[in-house]
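Each remark here refers to the structure printed beneath this line.
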Amino acid sequence: MGSDILQILRQGVWAALTGGWYHDPHDSQFNNICHLYLWVFLLVLPLSMHLGLPPTRFTLCLYCISTTVLFTVIKFVSFRLHLMFDKGMVDHHKKHSKKNKKVKDSDSINISSEHTAPSNSKNVELDIDEVTHSHQDSNTATSPGSVVMDAVDHNEAFKDLIKREHFPDNTRICEKLAEKNNPTGENEHLWQQQSCCQVPERGKAIYEVIHTSQQDTSVLQVICGLEASMQDDTHVHTHNSGHKRLFCQKGGHQCESQCESVNLSAVSLTHDVDFKSEAETVSENKGLFYDDPDEESFQKQVSIKPPKESVSMTTESLSHEVENSSNISSEYTFPKTQFYKFSIFPGKWIKVWCDRLTLLALFDKTENVGENIIGILLAICVSFFGFLVLHQGLFKDIWLFQFCVVIASCQFCLLKSIQPDPASPVHGYNQIITYSRPVYFCILCGVILLLNAGSEVKGLHLHTLYGFHFLSPECFHGARDQIIVLVSLFPLISLLGLFPQVNTFCVYFLEQIDVLVFGGSAKDGFLSALCSLLRSTLFAALLFFVCHESVKEPWDIRHIPPLFSIFCGLLIALSYHLSRQSSDPSILLSLVKCTLFGRLFCKNVKMIPTQQEDPILQKIKGLVKEILISDLIVCTVVAILTFAVSASTVFLSLRPFLSIVLLALTLLVGVLAHYVIPHLRKHHPWLWISQPVLQNKEYKQREVLGAAQLMWFEKFYVWLICLEKYVLYPSIILSAVTIEAFSVSKHSRFGKKLDSVLLSIAGLKLLRSCFCSPIHQYLVLGFTVIFFLFDYHVISESFLLDFYFMTILFYKFLELLNKMNYVMAYIAPWQIAWGSSFHVFAQLFAIPHSAMLFIQTIATSILSMPLSPFLGSVIFVASYARPIKFWEKKNSTVRLDNLNTRLQQQIEKDPGNDGNNLNSIFYEHLTRSLQHSLCGDLILGRWGNYFEGDCFILASDYLNALVHLVEIGNGFMTFQLRGLEFKGTYCHQREVEAITEGYDVNEGCCCFQPGHLPHMLSCNSAFSLRWLTWEVVRGQYILEGYSVIYSNAASLFQVFDLRKILIRYYIKSIIYFTTNSPKLFKWLNDESMKKALQSYTKWDHVENDHTMFNINIDEDYIPCLQGITRASFCSVYLDWIQYCAKQSPKKVDFDEDSFLVTISFGLCILGRRLLATATHHLSFSLDSFLHGLHTLFKGHYRISKEEEWVFVDMDLIHTVISPAIRMSLKLHQSQFACPEEYEDHPALFDAIKVFEEKVVICDEKDPAWRAAILSNKEELLTLRHVVDEGNDYYSVIMLQKSYLSFKVIKVNKECVRGLWAGQQQELIFLRNRDHERGSIQNNKHVLRNLINSSCDQPLGYPIYVSPITISYLGMHKQLNTLLAGPVDVGHITTLFQTKWRV
């Protein structure tokens, strides 16, 4: 624990403050010194240039050039070194002594095939194949020494060479050592290692004999450069104690064992295996530490102590010498005898004595040249902007040094970044986060320079907006000082993780501009945010051009310029069209491609045979096409009507009476539609009434039998919404725009261009917001009227601008209100839920923290930053700003099935047999159901009031999902569903119980039990409901889904009689599918099949394999013969064969001697053999029987040699055996309802026929299972196999299409964002790996466990996360009936024809 804290402080806290530099005690001294000197250089360089050189362009160029050279050299060398490591060219360094001719201790004999050595170094080529073949033919054990000596015997030159050396004449190098020191076979396992020269392919071996002393103690090194691979890496080390330590490495795991001491000569066998061609020389051999894992070299080295008889030196000196020469450390160190060649110029290279890991510890790796260029450019920009800010004289004394520290940290992180960064959203190395600090530094310094220049400008024309001079030098000066403080606190802000990574900031910034300025909605990525902002800007520019031209000249109250009327028509039409279009351009682009370039993009696309095209995609394209046609017609009609209304001067002539009437009517409709009706429909209206006042028909139904009925108050609510957003708000905004334009034409407030810009943007934003989500507009309108009409009438600019800026303030105020509700409910002392001992101490330290909590809440609300509890405690810290979608990545669950897993894995490992993976299909179907109904249900008010970013929980008996609303549009919305585990943890279950808890049964008031009024809640219940971050908005929400019936397969087949029933239905199903096969005539006339089934035509033929047939489960089993005959088979199943044959449309011969009976008999024997083989011939065992049944059910068959006749036509397997085993399971399940029903042949035949047509029976990992569920098949059945904690569980699952009832719980979205941000910080930056950490313990007041479980993996553990899914209004059947569907030419023509006939 202490080491983990120190690691976090060192690699997290200190590195975040310095930009990545910290002292790593586990790293080399060179790396630590290099990091320190480099960081100090980056700090001292700008400081010294600022203090020692004048602030001239030359100094700026010198500073930028110095930075450029430094970063270019480092990036270039690092990039080239990584390329060198990728090639993996390792060379061996050989030291040559100057006295090798005089001193025998340093004599070496190098044997190779390319050089001729002097007298003490001879090169001999050895043929390895001759040696290996001789050993393979002999019965003696092969040892490294024997192989070496046989190689010597086969080469006379090598013999002469050894004789001239100082070897004992009466010994051979390895045989004598083995004979003298291991006579009884002791330590024989040392010689049982595979010889380096025993290879299956022909190759060359290089033997290097090196003298290590004058007493003939030699080291024989065998170096092989062969095209072979070794999988074991064994090292034997000799220590001074005389014991050997054996290190074995197999498959990446090390083991260590002690060996007894032996007295052998010092022999070192080194085996280097290389993946090279034979043309390459051994000097280019790749060594042990080659970086590529697929071409990794291995080495065997054995070091053994010499015998006392032949060595005069002491044991200690010899051990010391051997350890120095050949000992290999168990820790990873690059060998000193190997190096890489780093090419500088063609033919010029230098030696590199390090490896890739050392380089990675020194500098970060860049993947390509583009990343190097970006890093160098960012370093130059940091130097450029930092130098300019320094010489503005804005920093003095210690703040000057602090600013240089900020510069050094921003530049150093480009070389060695902080991993993980406090703002990193992913585990592991994050390349994007390395650019965050330099980018933010450049942006802030650029803003400082601009503000500083603005503060020095004199004679500006001051514009006053709401009493503030927003373009005054004082305003620029104050803003500049605030940014300077922000830059000075740059390390602290980075430590707190308040700066998001660059791509997240871009999405957040573009989204905030589009939402606050242009009235857009949430975005699901950078591309959608950019496209939406560009589209809004384009439309605003078009409106500005028309508006500016229309207000150039003053108006008369009795005449409005036609150009302004055109502007009003365009304003309404474009706002309506923008509100109807999704920010995601992919759907529109695909529609355009298929419409305009269908032959190129759509018709030439070929589907994979195993995949089926999702019909929902074509449906969405059709809806988008309908929306575009409808918009074209509606926008044209609306523009013409608006032009006529605007040209009539009604807004100028009837002011202010018309404005007052419209305001009053709009507020009345808004209060009725968005306050009264939603509260009356809530589960607990106003948190005082125990049940809804306006109830649906399904409210009191225990079992839902159909879809939700459309109620009168729902119709009334929809018509109120349409009246509000299509009549009232457009009229109010058009009136305000007309009055404001008339005022601008007479007297310009900020200049006609700026006034036209404000007029266009304000009108566009207000209309678009009202079209998309009018739920909160009545509050904004009411606050605007009350605030600027009664409280601050003096500072009011105009109603249009007041309404516009109030929408921005209300957006932030609503976020502040949600945060305050979340914080107060979380820290309430009477509902404390401590998850760990840390939470107890944090509760005390949170008391002084509460003083800053309110200020922190306001700041985070302004910047839309989550407020997260630190480690789940009551201490809140701000996290970095995020978009409404929250998660940076587009995560979605990929369900494992037979399409995305290999066949080998399906047979051996069965990777998809996890219960969560199999259950995820139900959440996918729930997502599809919501896609069809969610948009319409939201408009009908079935989920209460909603806003972008809201989070809801759908809770039922076994399904618990969090639905996150992302983008809200006019007639569409996007959402993301996160499904939780069926069998949750203890904390999960406690919070689900809290959701389903009935508060109406509580009768308490404080400590008393006075009861409550009829249909009212008690005081305690009402108080408790007000201190929750969630609320039940709908007690019974109906969705189309599947009712799941689980049956334990072990109980179904525990008794032999039940297995016999299954086998009976299995055989009858085989007969049914055989007689009804379209290939039956082909099989009956197939001569090869007749020949293969010749033995089955004999009545005395007995199938008596006792491992396959059993009296307990086979009805046609004959005990006296201990098997099955054709006669016994016909006695049981001949009537069924004849009945099925009669029902066939084509007449066939079906008497007892016919070939139809023979085929049926053979296929039934085959089916039972396959089942017995799958059970491993252990049908008596229940587990084996279930295993075999499941194996056949999912379509895995093992055909024996006796049954190879079935390969004549594989349709015998696919169309007979496979559906038969599945149909038998369905019949086995159905017979429990009426056991004797299927004894009658017609009933059984009709049942099989009906089941074949209506019931989908297949394995859950079969793609047909997913396709059937998503296409809403009526009934499905499967046999599930789940492995849980090493135990096998089999169950039969039946799915019946039905309607499911859910509770809809609205959760405070700021609570969800805060808890998600807290989990991200705790798991990624603080590296808390505790599965029972306090931050995920149950807290029913905030649903902490449910929310944290729904995080993206690996932070949370949802079993299903849907992609961003779009739901259109046109998918809702009830609303299509109520609103008459989309407007198109066909509908208009039909309407006119109907009215004309009437």
Side-chain angles (χ1 to χ4, degrees), residues 8-9 11-20 382 402-403 405-407 409-410 413 417-426 430 432-448 479 481-512 812 815-816 819 822-823 849 852-871 873 875-888 1310 1313-1326 1355:
I8 293 174
L9 292 176
Q11 299 183 10
V13 177
W14 179 255
L17 292 174
T18 60
V382 170
Q402 171 65 16
F403 186 73
V405 169
V406 174
I407 294 176
S409 65
C410 293
C413 70
S417 60
I418 314 106
Q419 299 292 341
D421 192 89
S424 178
V426 295
N430 187 359
I432 302 177
I433 205 70
T434 60
Y435 306 121
S436 296
R437 289 187 181 224
V439 170
Y440 289 123
F441 179 82
C442 295
I443 292 174
L444 293 177
C445 287
V447 173
I448 289 175
D481 292 341
Q482 297 299 323
I483 302 299
I484 289 174
V485 173
L486 192 65
V487 173
S488 300
L489 298 178
F490 204 87
L492 181 60
I493 296 174
S494 300
L495 173 61
L496 298 177
L498 300 181
F499 285 138
Q501 61 183 20
V502 180
N503 57 342
T504 304
F505 175 76
C506 291
V507 177
Y508 160 78
F509 184 72
L510 295 176
E511 181 184 81
Q512 289 293 309
K812 297 301 179 182
E815 189 172 340
L816 174 64
K819 277 190 171 66
Y822 154 55
V823 171
H849 175 71
M852 289 294 296
L853 184 58
F854 184 71
I855 300 175
Q856 191 178 11
T857 305
I858 295 176
T860 54
S861 300
I862 294 173
L863 299 175
S864 296
M865 301 166 64
L867 197 61
S868 61
F870 182 70
L871 298 179
S873 66
I875 299 177
F876 286 86
V877 293
S879 183
Y880 63 87
R882 291 172 172 86
I884 296 175
K885 178 179 170 288
F886 191 87
W887 299 106
E888 283 86 347
E1310 293 303 324
R1313 289 166 60 86
L1315 292 177
W1316 282 354
Q1319 287 298 297
Q1320 179 176 312
Q1321 182 191 45
E1322 182 178 359
L1323 293 179
I1324 295 179
F1325 179 63
L1326 299 179
L1355 303 182

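Because the structure is predicted, anything quoted here is derived from the model rather than measured.
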Review point. In Å, rounded to the nearest 0.5 Å, how long is the span from OG of S864 to NZ of K819?
Key: 6.5 Å

Check your understanding: Mind checking whether V382 and C442 have side chains closer than 4.5 Å, heavy atoms only?
Key -> yes

Practice item. Check whether any side-chain heavy atom of S861 sits under 4.5 Å from a side-chain heavy atom of K812, and report yes or no. Key: no

Exercise for review: Compare every heavy atom of P866 with every heavy atom of R882, then report the nearest pair and how far apart it is.
Suggested key: NH1-CG, 3.6 Å

Review point. Minimum heavy-atom separation for A423 to Y880, with atom names?
Key: O-CE2, 3.6 Å

Review point. Going by heavy atoms in the side chains, are E815 and T860 under 4.5 Å from each other?
Key: no

**Study point:** Heavy-atom pair with the smallest gap, counting every atom of I884 and E511
**Key:** N-OE1, 3.0 Å

Exercise for review: Go through the steps to decide whether Q1320 and S424 satisfy the test side-chain contact (heavy atoms from CB on, under 4.5 Å), and finish with yes or no.
Suggested key: CA-CA 9 Å; Q1320 179 176 312; S424 178; over 6 Å; no

Check your understanding: Does C413 reach the side chain of T434, with side-chain heavy atoms less than 4.5 Å apart?
Key -> no

Practice item. Classify the ring geometry between F509 and F505 as parallel (under 30°), tilted (30 to 60°) or perpendicular (over 60°). Key: parallel

**Study point:** Side-chain touch N430/P425, heavy atoms, less than 4.5 angstrom
**Key:** yes

Point to revise | Under 3.5 Å: donor-acceptor pair, side chain of Y822, backbone of L867 | key: yes

**Study point:** Y440 side-chain N/O to P500 backbone N/O, donor-acceptor pair under 3.5 Å
**Key:** yes

Revision key, fill the gap. CZ (F886) and OG1 (T504) are apart, to the nearest 0.5 Å, by 10.5 Å

Practice item. Taking S868 for its side chain and V877 for its backbone only, find out whether a donor-acceptor pair lies under 3.5 Å. Key: yes

Point to revise | Sole residue of L1315, I875, V823 in side-chain contact (heavy atoms from CB on, under 4.5 Å) with P869 | key: L1315

Review point. Could you state the interatomic distance from CG (L486) to CG (D481), rounded to the nearest 0.5 Å?
Key: 12.5 Å

Point to revise | Student check: side-chain heavy atoms of Q1321 and S879 closer than 4.5 Å | key: no

Check your understanding: L1355 versus I1324: any side-chain heavy-atom pair under 4.5 Å?
Key -> yes

Revision key, fill the gap. When rounded to the nearest 0.5 Å, the distance separating CG of L489 from CG of L496 is 10.0 Å

Point to revise | Single hit among S409, S494, P491 for side-chain contact (heavy atoms from CB on, under 4.5 Å) with L17 | key: P491

Practice item. Determine the minimum heavy-atom distance between Q11 and I418, stating which atoms define it. Key: O-CG2, 3.9 Å

Check your understanding: Which distance, rounded to the nearest 0.5 Å, do you find between the CG of L816 and the CD1 of I862?
Key -> 8.5 Å

Check your understanding: Has the side chain of Q402 got a donor or acceptor atom that lies under 3.5 Å from a matching backbone atom of S488?
Key -> yes

**Study point:** Test item: L498 and L863 side chains (from C-beta on) under 4.5 Å apart, heavy atoms
**Key:** no

Review point. Picking from F499, F403, Y435, what satisfies ring pair (Phe, Tyr, Trp, His ring centres under 6.0 Å) with F441?
Key: F403

Review point. Out of curiosity, L495 CG to F1325 CZ, how far, rounded to the nearest 0.5 Å?
Key: 5.5 Å

**Study point:** Minimal non-hydrogen separation, I448 against I483, with atom names
**Key:** CG1-CG2, 3.3 Å

